Amino acid sequence: MTAVRQYWLLKSEPDVFSFDDLWAAPDHTTCWDGIRNYQARNFMRDDMKRGDLAFFYHSMDDRPAVVGVVEVVREAYPDHTAFDARDPHYDPKSNPNSPTWMMVDVRAKERFPQPVTLQELRDTPGLEQMELLRRGSRLSVQPVRAGEWEIVRALGHGRSDARRGNARRADAGPRVGRGSAPR
DNA sequence: GCCAACGTTGGC
DNA sequence: GCCAACGTTGGC
């Protein structure tokens with residue numbers, strides 16, 4: 001059974017933990033601890049697989065942006081920070097015998113030569129349905145469609161052909177990957 | 001189950 | 001700092 005590689009987006013506040021911090025970590029690897037939202041946890045626990053790739057997104061920054069790519073190198077296991085009363089993410093309702101919160105390990109894979117800002121994402125055709133861009137969206141672990149992945153990655157590598165204005169009639173006619181159900 | 005109050009997220 | 005939107009909590 002060859003699993004299809006899935007794509008994700010992980011948010012982090014650079015003041016707390018930045019892509020540079022991850023790059024500086026041993027083996028460019030860290031545990032993605034501190035997730036305390038059930039929907040985000042479920043994505044990690046149930047759907048994230050080794051080999052999946054994720055965008056690393058800087059939130060709460062002067063320039064919120066996708067800054068690089070990480071790879072899932074270990075699948076879900078208990079988030080021990082929930083058991084530590086001194087940890088900011090301590091949750092007394094989670095206990096080691098049946099942990100409420102889980103985490104995965106990720107390894108930095110590539111830093112984008114050119115960060116893709118939130119504004120740029122908003123301005124790029126084909127990303128209209130990205131979870132990140134949905135009004136009121138706060139999910140810190142979210143799936144990314146394959147088509148969206150390719151577009152954002154191209155932007156991160158400075159390929160501007162996907163950008164509005166540079167694109168030739170990007171808004172005209174049907175686009176690949178546009179067929180999903182309206183919501 | 002309802003819903004108001006509260007805390008958090010996150011862009012601006 | 002402001003504020004909109006969301007998730008969680010807890011009384012009823």
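Note that the coordinates shown come from a computational prediction; the quantities given were computed from them, not determined experimentally. Atoms considered below: every heavy atom in the structure, side chains included; atoms not considered: hydrogens, waters and symmetry mates. All chains are named by letter (A, B, ...) in the order of the sequence lines, taking the proteins before the strands, and each is independently numbered beginning at 1.
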Spatial distance of atom CZ (Arg63(A)) from atom CD (Glu120(A)) [nearest 0.5 Å]: 8.5 Å

Spacing of Arg36(A) atom CZ relative to dT8(B) atom P, expressed in whole Å: 14 Å

Given dT9(C), dG11(B), dG10(B), the nucleotide with the shortest approach to the side chain of Met60(A): dG10(B)

Gap between atoms CZ and C1', on Arg134(A) and dA4(C) respectively (whole Å): 15 Å

Atom-to-atom span, CD of Gln119(A) to P of dG11(B) - whole angstrom: 12 Å

Rounded interatomic separation in angstrom, taking CG from Asp61(A) and P from dG10(B): 13 Å

Proximal nucleotide (of dT9(C), dG10(B), dG11(B)) relative to the Lys93(A) side chain: dT9(C)

Gln6(A) (side chain) donor-acceptor with Asp47(A) (main chain) under 3.5 angstrom: yes

Test item: Arg145(A) side-chain N/O and Gln129(A) main-chain N/O as donor-acceptor pair under 3.5 Å: yes

Protein-nucleotide distance (Glu13(A), atom CD; dG10(B), atom C1'), rounded to Å: 8 Å

Length of the OH-P vector between Tyr38(A) and dT9(B), whole Å: 15 Å

Spacing between Gln39(A) atom CD and dT8(B) atom P, to the nearest angstrom: 20 Å

Flag, side chain of His58(A) to backbone of Glu13(A), donor-acceptor distance under 3.5 Å: no

dG10(B) OP1/OP2 closer than 4.0 Å to side-chain N/O of Lys11(A): yes

Distance, rounded to the nearest Å, where Leu132(A) contributes CG and dC6(C) contributes P: 14 Å

